[in-house]
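Computed from a predicted model, the values in this text were never measured in an experiment. Sequence lines set the chain letters: A, B, ... in the order given, protein chains first and strands last, and positions in each chain run from 1.
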2 protein chains.
Amino acid sequence: MPTSTREALVAAATDLLDEGGPERVTLREVGRRSGVSHNAPYKHFTGKQDLLAAVAARELDAYAEALRAGGHDGGLSRAVAAYVARALAHPARFRLVYGPWPAGVGQLGEAAERAWTSLVETVSAEQRAGRLPVTIGAVRLADLIRSTVHGAVDLELGGHLTKHEHGPASPVEVVEDLLAALRRD
Amino acid sequence: MPTSTREALVAAATDLLDEGGPERVTLREVGRRSGVSHNAPYKHFTGKQDLLAAVAARELDAYAEALRAGGHDGGLSRAVAAYVARALAHPARFRLVYGPWPAGVGQLGEAAERAWTSLVETVSAEQRAGRLPVTIGAVRLADLIRSTVHGAVDLELGGHLTKHEHGPASPVEVVEDLLAALRRD
DNA sequence: ACCTGAACACCGTTCAAGT
DNA sequence: ACCTGAACACCGTTCAAGT
């Protein structure tokens with residue numbers, strides 16, 4: 001039972017996104033499920049895109065928490081594994097988050113910033129502990145890891161990654177290969 | 001001057017996609033620009049999605065050619081650079097190609113297969129030449145490289161990659177860092 | 001401040017009909 | 001085989017009006 005109309009709208013939009021992707025999300029159905037008219041959302045959001053940005057920002061916060069908690073508990077591998085698990089659990093949200101936003105909606109830029117700051121910190125800590133090479137700066141190394149993680153998840157969601165018989169989920173495997181190569185340096 | 005209505009439809013859809021993303025592509029505007037009615041496309045494609053799949057398949061063929069020609073000319077780095085250049089030159093097409101296709105449209109699966117076969121071959125050749133480690137199989141190594149390339153391009157298109165003052169385009173830089181780490185093994 | 005109902009200008013898709 | 005025009009069931013967004 002949502003405490004406010006605004007919350008109900010975001011929840012309904014998230015449910016619809018999970019059910020059938022972005023084209024399933026219509027302001028009319030969102031209103032219907034929230035018990036308001038089809039244009040009540042305009043009192044809480046500037047339009048459909050703004051509502052979807054709220055959904056995306058919320059998911060980015062979940063990414064930030066997964067990366068932070070995983071990094072605190074067990075270092076880089078755990079942080080990445082927690083992030084990958086979250087991303088694969090909600091594919092439509094992942095694609096929304098990294099989808100085509102016109103010139104950075106601002107709200108999203110800040111949330112993305114928060115999400116990845118902790119990864120740079122985790123990378124930096126592993127460098128100081130001698131578990132990652134120091135021949136590359138932490139930010140640049142984080143960009144490499146981030147690219148591989150993002151690409152592996154996105155390819156996996158599209159069914160473009162080679163399937164293996166045993167072992168963990170493919171994206172985790174890909175990232176482990178990267179980390180192994182980096183640590184062999 | 002397109003030789004057939006079908007070709008005109010694909011060309012118009014591609015132009016509209018480049019101009020304003022997927023939501024700019026409407027069958028009605030595609031028909032308008034092709035000099036036919038708004039439902040003539042149904043005589044050539046099963047629907048809007050099928051038309052977009054044709055656009056995506058065409059772009060995948062361009063990726064295959066870039067990877068093949070680049071790999072033949074100058075090895076892995078050149079192949080990747082050619083692919084990245086093509087992807088960045090047509091951002092909306094890239095996002096369409098790797099976007100959410102319901103259960104692999106078949107037509108696209110085969111085109112994607114063709115596109116990446118040559119990368120595995122290039123990787124395998126570099127392994128034999130001693131320029132890449134043989135501790136990982138060629139397919140698995142290609143998946144790692146592919147993930148990093150894909151992720152770096154996708155993050156760059158979303159403005160999520162850290163900006164650098166000098167040097168080449170960011171995705172190329174990220175991939176060069178990966179290859180350097182792999183070759184240091 | 002928040003919400004409603006009607007209206008506008010679009011969509012994708014289907015169908016009966018033409019050549 | 002290929003195309004057209006009308007029609008259907010939707011959209012997002014705006015607006016005047018209500019409490």
Between [X] and [Y], does any side-chain N to carboxylate O distance fall below 4.0 Å?
| X | Y | result |
| --- | --- | --- |
| B:Glu126 | B:Arg183 | yes |
| B:Arg33 | B:Asp15 | no |
| A:Arg140 | B:Glu173 | yes |

(Q) Tell me whether A:Glu113 at atom CD has more than 12 heavy atoms from other residues, nucleotides or ligands lying less than 6.0 Å away. (A)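 No.
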
Q.
Rounded to the nearest 0.5 Å, what separates atom CZ in A:Phe94 from atom CG in A:Leu157?
A.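 So the gap between those two atoms works out to 6.0 Å.
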
Q: Report the secondary structure of DNA chain C in dot-bracket form, marking unpaired bases with a dot and bases paired to a different strand with |, and treating Watson-Crick or G-U pairs with both distances under 3.5 Å as paired.
A: ||.|||||...|||||.||

**Q.** A:Gln127 side-chain N/O to A:Ile136 backbone N/O, donor-acceptor pair under 3.5 Å
**A.**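 Flag set: sc A:Gln127 to bb A:Ile136 pair under 3.5 Å.
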
Q | Check: B:Thr148 side chain, B:Leu144 main-chain N or O, donor-acceptor pair, under 3.5 Å | A |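 Yes, because the side chain of B:Thr148 sits within donor-acceptor range (under 3.5 Å) of the backbone of B:Leu144.
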
Q: Could you run through nucleotides 3-13 of chain C and give me one letter per nucleotide, 5' to 3': B if any protein heavy atom sits under 4.0 Å from the base, S if only the sugar-phosphate is that close, - if neither?
A: BBBBB---BBB

